[in-house]
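For reference, the structure is listed below as structure tokens.
Quantities reported herein were computed from a predicted structural model and do not represent experimental measurements.
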Amino acid sequence: MQKVIECVPNFSEGQRKEIIDTIAHAIAGVEGVALLDIDPGLSTNRTIYTFVGHPQAVIEAALAAGRAAYNLIDMTKHSGEHPRIGAMDVVPFVPVQNATMADCIDIAREFADRLAMELSVPVYLYGEAQEREYRRDLSQIRDGEYEALYNKIRKPEWQPDFGPSEFIPTWGATCVGARKFLIAYNINLLGTKEQAHRIALNVREQGRSKEEPGKLQCVRGLGWWLEEANLSQISLNLTDFEITNIHTAYLQCVAEAEMLNIGVCGSQIVGLVPLRPLLMAAEYFIKKENLFILDDDQKLRLIIQRLGLNSIAPFIPKERIIEYIIRDREGHDDTINSMEIKDLIKHISARTLVPGGSCVTSLVATLGTALSTMCALLTYGMRKWESLEPEMRIIIAPLHTTTKILMDTLETDTELLNAYMTVQKMAETNDEEKHFKQITEDRCLQRCLEVSMDVMRHINDLWEPLQRLASLFNISTKADFLVGIKCLETAIYGACKRIEIFSLSLLKSTDNNNDNELQTKKSQNSYQEEANMYFQKAQKSIQIILNIAESRIE
């Protein structure tokens with residue numbers, strides 16, 4: 001998979017459309033990047049651009065945006081609610097797909113060096129890209145903002161990391177960093193700017209001082225007035241949503257506002273956001289309120305309502321959630337999971353090995369859990385079986401989760417087998433090439449083994465809830481339930497046979513290669529023993545479940 005990096009440059013211009021559009025065109029004009037979002041703010045006089053692409057393309061697009069801004073933005077005339085130090089104020093690089101923080105650090109430093117050289121402007125590194133502790137935090141560099149930069153940049157301890165140590169009036173300075181995903185999150189307050197800032201000081205990690213730290217970790221914040229909405233906002237940056245997520249920040253701010261008798265009217269996510277923090281927030285409310293919600297779409301509806309994310313502007317998931325946007329931009333017409341059933345059948349029946357038995361095994365397994373989930377859902381929520389609802393909630397959750405997991409194995413298995421077949425075509429004109437090819441083949445076989453084993457493990461975890469469901473399901477779905485169990489029986493058989501074949505192939509290649517032979521034999525035996533154990537357990541469990549279901553006549 002190609003590395004995907006996100007870049008979120010912030011420019012000190014949010015009011016003049018022609019400038020905002022020119023910078024956008026500069027970014028979008030670079031091949032290999034996708035401009036996902038443009039978020040201008042009138043009161044902040046600031047625009048946030050979000051784009052993704054492979055590493056070199058992201059660097060080129062950020063440089064193109066910097067060139068455009070250099071000729072269009074004059075910091076001597078700028079004013080706005082948001083802290084800023086320069087025209088191209090902040091340029092963070094964030095790992096998104098198949099990329100690491102180390103990748104983003106390298107990208108940030110290369111971009112900073114090239115921007116400083118090309119435009120002759122001062123550039124500071126921050127975040128993970130900065131090695132000096134006292135200037136790792138963005139607020140440390142921007143302290144005093146643009147107005148203080150004239151004197152600050154001349155101090156030895158505040159010389160820029162790249163570019164001239166001199167004040168450039170029209171540009172200021174640029175901060176370039178590498179970081180985890182930052183969520184720009186604002187809570188709407190029916191109060192004054194000063195009240196919003198007072199709450200921000202209470203909750204942000206820095207607090208008011210070292211003696212008065214704030215209540216939330218990995219949170220930066222301040223308060224401002226949003227003229228266009230006629231309200232104030234507690235403006236927060238959540239720098240690590242794994243530690244402090246949006247729902248935690250929102251609830252803490254609501255509690256602070258209640259102590260001051262100030263009304264809160266929803267909140268706002270600025271720019272784009274990953275799917276995970278939204279689902280994490282939804283799970284909090286689901287657990288707190290004892291709700292039963294399984295679909296991601298419904299979870300998103302819940303969190304949009306609970307946090308009032310539509311309060312300033314509509315929060316449309318397909319336009320605001322990064323995974324959804326990338327998926328739509330890239331398109332998935334050629335993937336197994338997005339194929340129409342007739343096209344999938346054509347692919348399976350074609351004169352090719354892939355997709356084949358492994359894909360069908362995962363598909364049949366998915367159909368089995370899907371049918372079982374259907375039977376459970378047609379029992380849940382019905383007044384006739386209202387007394388069964390607590391039990392059905394326990395049963396449905398693992399069935400629903402496993403269906404989603406098994407569906408993903410269709411794609412994974414097909415990709416792995418395609419990779420294995422590609423490796424088999426590799427050249428082996430000398431011992432080094434032959435050795436490399438063999439090692440790569442073995443890795444592919446190992447992963448194929450693991451996927452088939454995962455299918456067996458996930459199905460094996462369902463026998464207990466399926467046995468409970470067998471005596472409870474809506475009797476009108478009896479035939480569907482029985483078909484679902486037979487699908488799982490077929491999938492278990494298919495996965496077991498694939499493990500047998502893959503492990504024998506792996507053992508054969510090791511015998512030919514004589515590398516780590518003993519270890520591979522142990523691994524092969526371990527896989528087969530585990531697969532046989534699951535197969536035997538499945539046979540017993542399936543018979544019990546079928547007997548219970550078949551005996552039901554009411």
Using every non-hydrogen atom in the two residues, find where [X] and [Y] come nearest and quote the distance to one decimal.
X: I459; Y: A365; result: CD1-CB, 3.8 Å
X: L125; Y: A108; result: CD2-O, 4.4 Å
X: G14; Y: I20; result: C-CD1, 3.7 Å
X: T170; Y: T76; result: N-CG2, 4.4 Å
X: G172; Y: M75; result: N-CG, 4.5 Å

[X]: side chain to side chain contact (heavy atoms under 4.5 Å, CB included) partners, not counting sequence neighbours:
X: Y284; result: H247, L251, K288
X: K404; result: D296, H400
X: P160; result: P122, Y124, I153, S165

Quiz prompt | Pair R198-E256, salt bridge (Lys or Arg N to Asp or Glu O under 4.0 Å): steps then yes or no | solution = CA-CA 9 Å; R198 178 178 173 182; E256 298 286 334; over 6 Å; no

Exercise. Evaluate the ring planes of W224 and H82, with Trp represented by its six-membered ring, and classify them as parallel (under 30°), tilted (30 to 60°) or perpendicular (over 60°).
Key: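 W224 vs H82 ring planes: tilted.
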
Judged by modelled atom types alone, do [X] and [Y] share a side-chain donor-acceptor pair under 3.5 Å?
X: E228; Y: S43; value: yes
X: N245; Y: T248; value: no
X: R84; Y: N10; value: no
X: Q130; Y: D161; value: yes

Counterpart residues, ring pair (Phe, Tyr, Trp, His ring centres under 6.0 Å), relative to [X] (two or more places apart):
X: F11; value: Y49
X: H197; value: none
X: W225; value: none
X: H78; value: none

Exercise. Count the heavy atoms of every other residue, nucleotide or ligand shown that sit under 6.0 Å from CD of E289, and state whether that count exceeds 12.
Key: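 Enclosed: over 12 neighbouring heavy atoms sit under 6.0 Å from CD of E289.
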
Self-check item: Atom CZ of R135 with >12 non-hydrogen neighbours under 6.0 angstrom
Solution: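 For R135, atom CZ is crowded (more than 12 foreign heavy atoms under 6.0 Å).
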
Exercise. Begin with the C-alpha distance, continue with both residues' side-chain angles, and end with the deciding distance and a verdict on side chain to side chain contact (heavy atoms under 4.5 Å, CB included) for V91 and C175.
Key: CA-CA 6 Å; V91 187; C175 302; over 6 Å; no

Can you tell if the side chain of [X] reaches within under 4.5 Å of the side chain of [Y], non-hydrogen atoms only?
X: I38; Y: D21; answer: no
X: I321; Y: L278; answer: yes
X: E60; Y: F111; answer: no
X: V30; Y: Q56; answer: no
X: D461; Y: T402; answer: no
X: T239; Y: V219; answer: no
X: C7; Y: V94; answer: no

What distance separates [X] [atom1] from [Y] [atom2], expressed to the nearest 0.5 Å?
X: Q252; Y: I187; atom1: CD; atom2: CD1; result: 10.5 Å
X: I85; Y: E147; atom1: CD1; atom2: CD; result: 10.0 Å
X: I269; Y: I303; atom1: CD1; atom2: CD1; result: 8.5 Å

Considering residues at least two apart in sequence or located in another chain, which fulfil the side-chain hydrogen bond (donor to acceptor under 3.5 Å, both in side chains) criterion with [X]?
X: R447; value: E450
X: R16; value: E13
X: T174; value: W171
X: E194; value: none

Could you list the donor-acceptor pairs under 3.5 angstrom formed by side chains in residues 178-186, with sequence neighbours left out?
from, atom 1, to, atom 2, distance (Å)
K180, NZ, D240, OD2, 2.9
Y185, OH, S267, OG, 2.8
N186, OD1, S235, OG, 3.0
N186, ND2, Q233, OE1, 3.3
N186, ND2, Q268, OE1, 3.2

Quiz prompt | Aromatic Y150 / basic R154 pairing, under 6.0 angstrom, 45° off normal | solution =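 Yes, R154 sits over the ring of Y150.
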
